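All values derive from a computational prediction rather than experimental measurement.
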There are 2 protein chains.
Amino acid sequence: MSGAAAGRTDTVEPGARRTRQRTAVLQALVGFRDFISAQALCALLTEAGVSVGLSTVYRTLRDLERAGRLDVVRDETGERLYRERPEDGHRHYLICRCCGRSRAVDTEVVEAWADRIGEHTGFTDVEHTLELTGVCAGCAPSAQQGETSCRQESPRRPSDPRRSPR
Amino acid sequence: MSGAAAGRTDTVEPGARRTRQRTAVLQALVGFRDFISAQALCALLTEAGVSVGLSTVYRTLRDLERAGRLDVVRDETGERLYRERPEDGHRHYLICRCCGRSRAVDTEVVEAWADRIGEHTGFTDVEHTLELTGVCAGCAPSAQQGETSCRQESPRRPSDPRRSPR
DNA sequence: GATGGACATGAAAATCATGTTCAGATAGTT
DNA sequence: AACTATCTGAACATGATTTTCATGTCCATC
Ligand SMILES: [Zn+2]
Ligand SMILES: [Zn+2]
Ligand SMILES: [Zn+2]
Ligand SMILES: [Zn+2]
């Protein structure tokens, strides 16, 4: 029980080196509670004075994803958005199409169903992807007047990180 | 009951012109019972002697998608794969990570669950994306010896269309 | 405290799916 | 046949992600 309680902002992978850049990416992800794109994250770091090369951000995110420490969703353009995975693991999120705010949803029902799918189909090693989008209570009013005011241009990609956090 | 029972390989959208290219894309989709990428579809048409420009394929697929006549999924690279939507509408598929074969799954449970999500969250206009992948019975044996023989290189993108049809 | 090699970085270039332009072809109508 | 709103496709543009590769850094060993 010494350095056992590691986990939070330690290293990307066991055996990986602890560098300024990886630490920065990891910390930024932990601090940033919404989904964020690789590029936005890079910009965020730069603004914070902890500049990290875009390639390194992508590499680190790739490694983190492999290590199962991230949740990844895709926005409607196919761009990947990352978020630190809460300690327990597998989750699904409901994301507002307007402001990008997200909240985890309870998916026991779906998980149970998905687990049973293999049996009926002869498929093994079944994995699933589930994404929910909607318009959050805060955005609903502005979206009323014809769906155009909110959803219109910016397709909820937090390319400007200062809009989604908090 | 003249041209009423339209629908199958008619026009992309009501009011759209019926051109050689759109007809070809439409027919190819109807004949091709698996998911296929825009590029693979284009290649397929070319091989079949019915060459259609890639731009046109993309445009036609975009229009068909808007018209609700296609199902679209994304492979792990983010590439979009299209399939003619069976007459009834909303469906989800279980896709083999090895051979790309897909089969629709019964999702009543999930649909009902998804419909109820809005109420608990304050979100409106909730939509969902659900994708299932696994290893089909036919591929399971070859995938045994260490997961490498099947899944390895070609990550199940039917870029060579002759492998998935039928 | 020098050395060597394994691993890491980042700028720049490569990839690659998809979108856009626009001059010329075409469908559908009169 | 003539007319014109559409449609087409080659070439180019875009933008996210990946690769390359020259250079930097860590660390164990001498
Ligand atoms: Zn919102
Ligand atoms: Zn799940
Ligand atoms: Zn298979
Ligand atoms: Zn559904």
A:Leu64 CG to C:dA8 P, in whole Å, measures 13 Å
Here the distance between atom P of D:dT8 and atom CG of B:Leu45, to the nearest Å, is 13 Å
Protein-proximity profile, nucleotides 21-30 of chain C, B/S/- by nucleotide at the 4.0 Å heavy-atom cutoff, equals B----BBS--
To the nearest angstrom, the CG-P distance between B:Leu61 and D:dC7 comes to 15 Å
To the nearest 0.5 Å, atom CG of B:Asp115 lies from atom CD of B:Glu111 at 7.0 Å
**Request:** For this output row, return yes or no: ring centroids of B:Tyr93 and B:Phe35 closer than 6.0 angstrom.
**Result:** yes
| task | Indicate, with yes or no, if A:Leu130 and A:Ile117 share a hydrophobic cluster defined by side-chain heavy-atom contacts under 4.5 Å among Ile, Leu, Val, Met, Phe, Trp and Tyr. | result | yes
Closest non-hydrogen atoms of B:Leu70 and B:Glu65, given as atom of the first, atom of the second and distance, are CD1-N, 4.0 Å
Atom CD of B:Glu13 and atom P of D:dA5 are separated, to the nearest Å, by 19 Å
Closest to the side chain of B:Tyr58, out of D:dC7, D:dG9, C:dA17, is C:dA17
Here the distance between atom P of D:dA11 and atom CG of B:Leu54, to the nearest Å, is 13 Å
Any donor-acceptor pair under 3.5 Å from A:Arg91 side chain to A:Asp71 backbone: no
Are B:His128 and A:His92 near enough that their ring centres are under 6.0 Å apart? no
*asked:* Working note: A:Glu127 + B:Leu132, criterion side chain to side chain contact (heavy atoms under 4.5 Å, CB included); need CA distance, chi angles, decisive distance, verdict.
replied: CA-CA 6 Å; A:Glu127 297 171 5; B:Leu132 296 156; over 6 Å; no
Stems field, DNA chain D, Watson-Crick or wobble, 3.5 Å, at least 3 pairs, by first number, holds C:1-30 with D:1-30
note: A:Leu41, atom CG; C:dG10, atom P; distance rounded to Å ~ 13 Å
Looking only at side chains, do A:Arg83 and A:Ser102 share a donor and an acceptor under 3.5 Å apart?
-> yes
Taking for B:Val52 and for A:Gly78 the nucleotide of DNA chain D with the nearest heavy atom, the one nearer the 5' end belongs to B:Val52
Separation of D:dA16 atom P from B:Glu76 atom CD, nearest Å, is 21 Å
Please determine whether a side-chain nitrogen or oxygen atom of B:Gln21 lies at a distance below 4.0 Å from atom OP1 or OP2 of D:dC7.
no
Rounded to whole Å, CZ of A:Arg74 lies from C1' of D:dG15 at a distance of 14 Å
Just to confirm, is there a sub-4.0 Å distance from OP1 or OP2 of D:dC7 to any side-chain nitrogen or oxygen of B:Arg22? yes
So CZ of B:Arg22 and CG of B:Leu64: to nearest 0.5 Å the spacing works out to 9.0 Å
